[in-house]
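Naming: A, B, ... by sequence-line order, numbering from 1 per chain.
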Number of protein chains: 2
Amino acid sequence: MVARSANVSRVAVSRAFNPHTSLKPEKRALILKVAEELNYTPDRAARALVSGRSHLVGVIVPDVCSPWESQEIDALTTALQNEGFATLLFKTRTDLSMDATLLTYMKGFNPDAVIAFVENVKPTILAGVLDRAVPIYVHYPRETEAGFDRPDADGPLYDRLNVLQYAGIEQAVALMQGYGAKRLAYLTGVYRSGASTAREDTLRKVMADRGLGEPIMVVGDFTYDTAYAATVDLFRVGDGADAVFAANDVGAFGVIDALRHELKLRVPEDVKVVGFDDIEQSHWKSYNLTTVKIDLDERVRALVRLILRRLSKPSAGALEETVQTRLVVRGTVG
Amino acid sequence: MVARSANVSRVAVSRAFNPHTSLKPEKRALILKVAEELNYTPDRAARALVSGRSHLVGVIVPDVCSPWESQEIDALTTALQNEGFATLLFKTRTDLSMDATLLTYMKGFNPDAVIAFVENVKPTILAGVLDRAVPIYVHYPRETEAGFDRPDADGPLYDRLNVLQYAGIEQAVALMQGYGAKRLAYLTGVYRSGASTAREDTLRKVMADRGLGEPIMVVGDFTYDTAYAATVDLFRVGDGADAVFAANDVGAFGVIDALRHELKLRVPEDVKVVGFDDIEQSHWKSYNLTTVKIDLDERVRALVRLILRRLSKPSAGALEETVQTRLVVRGTVG
DNA sequence: ACGGATAATGAAAACGTGTTCATTGTTTAA
DNA sequence: TTAAACAATGAACACGTTTTCATTATCCGT
């Protein structure tokens with residue numbers, strides 16, 4: 001610690017950097033000035049050792065490239081940075097197998113909180129491995145127009161963000177039906193992923209309520225290429241559809257391109273398409289996608305709020321935040 | 001440290017986790033087994049404190065959402081993870097002002113190396129603030145078909161990755177000219193960014209050599225919306241062009257959409273378009289973009305190589321790696 | 001001017017590791 | 001069998017902070 005060579009004791013330096021402590025103002029100013037000159041910054045590793053706070057937030061994703069995830073990481077990083085935290089990024093293996101190896105690996109870095117944007121890791125698993133870090137969970141509850149379920153029964157509770165999808169899906173189906181859609185297909189995301197199955201459940205409920213029967217199931221995995229191929233199959237091998245609801249926007253792009261460039265069908269005249277997420281690319285003129293928007297800033301602010309509240313009150317009961325969805329109308333329905 | 005309650009001294013535990021040390025195999029096995037049961041992992045913060053290695057690599061980007069950057073971060077994170085490092089992500093402010101604040105902030109986390117994917121921060125600045133971390137620089141040297149310049153004269157040298165663009169640009173121009181392009185426009189990236197100006201310089205050289213005169217300059221900033229608007233301007237206010245070379249793929253998408261949906265021109269029949277990067281989205285059927293590819297895996301491997309070599313030999317001379325570019329032909333030229 | 005409260009200060013301990021050094025136990029070479 | 005080389009081991013220290021705790025300086029009300 002060079003700063004004290006210039007003036008006085010080390011605790012004074014420590015106090016100079018911690019606002020709430022008591023230190024004579026002029027002394028603090030002097031220390032900060034000298035620190036500035038010497039290009040000194042308190043070492044977070046040492047600080048973490050004694051305080052038990054690393055100011056690191058672990059983020060686990062299967063694929064940073066996916067536009068939705070990259071946009072979420074972007075917003076999250078900005079928000080965390082503003083609160084004095086940093087994003088520690090980890091990637092799961094491509095097969096989505098959330099092996100304990102990655103978690104133990106991550107644990108070594110001692111993050112204060114962990115957010116897993118990966119469908120097959122439950123907070124129970126996270127909590128089991130990371131003893132100190134707080135797991136934050138993104139949850140898609142089953143819901144109706146009346147409200148949503150809180151699955152408090154199945155095991156211990158963890159802090160979670162509830163994403164309410166009923167409103168957006170209801171609006172989307174209404175719009176498609178309004179433009180004459182009768183045979184509605186659902187393009188799924190990754191097999192058994194929470195987001196995809198929740199959307200499917202809600203869609204089934206909404207369709208049944210509106211007398212539209214069951215959706216035609218098309219299995220995808222959130223990627224463009226799979227969506228493209230699955231759509232071609234749906235019309236070449238299967239019986240087609242007059243509207244497709246995709247579990248995410250990138251999938252919707254694959255659907256649109258397959259319809260237009262492979263099957264020579266028109267969107268929205270022949271087939272209507274709706275996506276989910278409202279990513280940056282959705283307003284690009286080639287797609288101009290009508291989609292169910294999850295407000296990213298709102299979602300990320302809620303996540304950060306969860307983390308901060310949990311860290312300031314470690315013993316509080318399970319925390320909860322809720323965000324809504326709504327339809328953004330563009331040009332792929334009518 | 002709970003592990004030693006189960007058996008013996010703490011140094012034994014330390015050695016059990018460091019393979020190169022000498023410890024009786026059976027003892028090591030026992031310790032690892034007990035550690036496993038107790039869910040114990042060595043604390044990296046404490047380790048960093050004494051060893052001076054945090055195993056953190058700071059990555060600074062202006063915008064994680066940008067497909068090219070998110071793909072680079074993705075590949076980099078995977079590669080670093082395989083080498084026992086973790087990615088620490090930071091975002092510059094939206095105005096790209098690389099204020100010292102962010103650097104000091106980052107310095108507190110003590111990264112072992114820093115890669116700044118942001119055009120206006122030179123390694124000199126990085127090195128000035130981060131005393132311990134190693135700056136890695138992505139450089140786009142001026143080059144001709146004969147080779148490329150090494151600007152060794154201007155100040156001290158830092159480890160760098162040279163991206164050679166001549167080959168790809170030469171192939172792109174040749175292809176466009178082969179299909180009859182005579183009036184070639186260049187859509188720039190962000191003002192004075194290294195990548196964009198290097199591409200412009202090389203393009204000018206190649207065009208001059210082929211008797212194509214000077215490129216028509218169109219100023220962009222690597223984003224879709226700006227590219228779209230600038231292209232409309234070029235044709236409505238300016239005199240148009242019969243080919244556009246964009247500084248990046250996302251910009252090329254904006255050009256294509258403006259041409260097709262706003263100006264009612266055909267690509268490639270009326271106007272040819274070439275991009276730069278070859279991002280995931282470039283093969284999407286709506287664009288099917290012919291573009292100059294930078295091999296991402298190769299590029300990232302080179303970056304990781306630079307970091308590892310530098311950390312294992314801190315006093316070695318400036319390190320250098322080089323990657324090539326090449327044209328990927330799809331459907332936007334002819 | 002006095003007693004008591006409060007602010008300011010530094011010494012020492014603690015956080016969980018890696019490293020050096022000296023000691024002990026074990027193998028190898030003659 | 002003996003000396004020498006080597007493997008295995010633990011005690012003590014160091015890394016750069018924050019946090020008690022005890023001490024001293026300063027302020028306030030009367």
Item to check | Nearest listed nucleotide, side chain of A46(A), among dT18(D), dT9(D), dT17(D) | outcome: dT17(D)

Mind listing the N/O atom pairs, protein and nucleotides 22-25 of chain D, below 3.5 Å?
none

Pairwise N/O distances under 3.5 Å, protein to nucleotides 22-28 of chain C:
none

Please tabulate, one pair per line, each protein N/O and nucleotide N/O from nucleotides 10-12 of chain D that are separated by under 3.5 Å, including the distance.
| unit_1 | atom_1 | unit_2 | atom_2 | d |
| --- | --- | --- | --- | --- |
| dG10(D) | OP2 | S9(B) | OG | 3.0 |
| dG10(D) | N7 | R15(B) | NH2 | 2.6 |
| dG10(D) | O6 | R15(B) | NH2 | 3.2 |

Next on the checklist: Looking only at the side chains, is there a donor atom on one of S9(A) and R15(A) sitting less than 3.5 Å from an acceptor on the other?
Outcome noted: no

Checklist entry - If you look at every strand shown and take non-hydrogen atoms under 4.0 Å, does T41(B) touch a base, only sugar-phosphate, or nothing? => result sugar-phosphate

Exercise answer: donor-acceptor pairs, residues 296-303 of chain B side-chain atoms, under 3.5 Å, sequence neighbours excluded:
| unit_1 | atom_1 | unit_2 | atom_2 | d |
| --- | --- | --- | --- | --- |
| R299(B) | NE | E72(B) | OE2 | 2.7 |
| R299(B) | NH2 | E72(B) | OE1 | 3.3 |

Next on the checklist: Hydrogens and angles aside, do N162(B) and E320(B) bring a side-chain donor and acceptor to less than 3.5 Å of each other?
Outcome noted: yes

Checklist entry - Are D131(A) and N39(B) linked by a side-chain donor-acceptor pair shorter than 3.5 Å? => result no

Checklist entry - What residues in residues 49-56 of chain B put a non-hydrogen atom under 4.0 Å from any atom of DNA chain D? => result L49(B), V50(B)

Item to check | N18(B) CG - dT20(C) P separation (whole Å) | outcome: 13 Å

Checklist entry - Are R160(A) and Y137(A) in a cation-pi contact, defined as NZ or CZ under 6.0 Å from the six-membered ring centre and within 45° of the axis? => result no

Checklist entry - Restricting to pairs with a member in residues 50-66 of chain B, which pass side chain to side chain donor-acceptor pair (under 3.5 Å), not counting sequence neighbours? => result S54(B)-D112(B)

Next on the checklist: Side chain of D43(A), heavy atoms from C-beta onward: which of dT18(D), dG18(C), dG16(D) has the nearest atom to it?
Outcome noted: dG16(D)

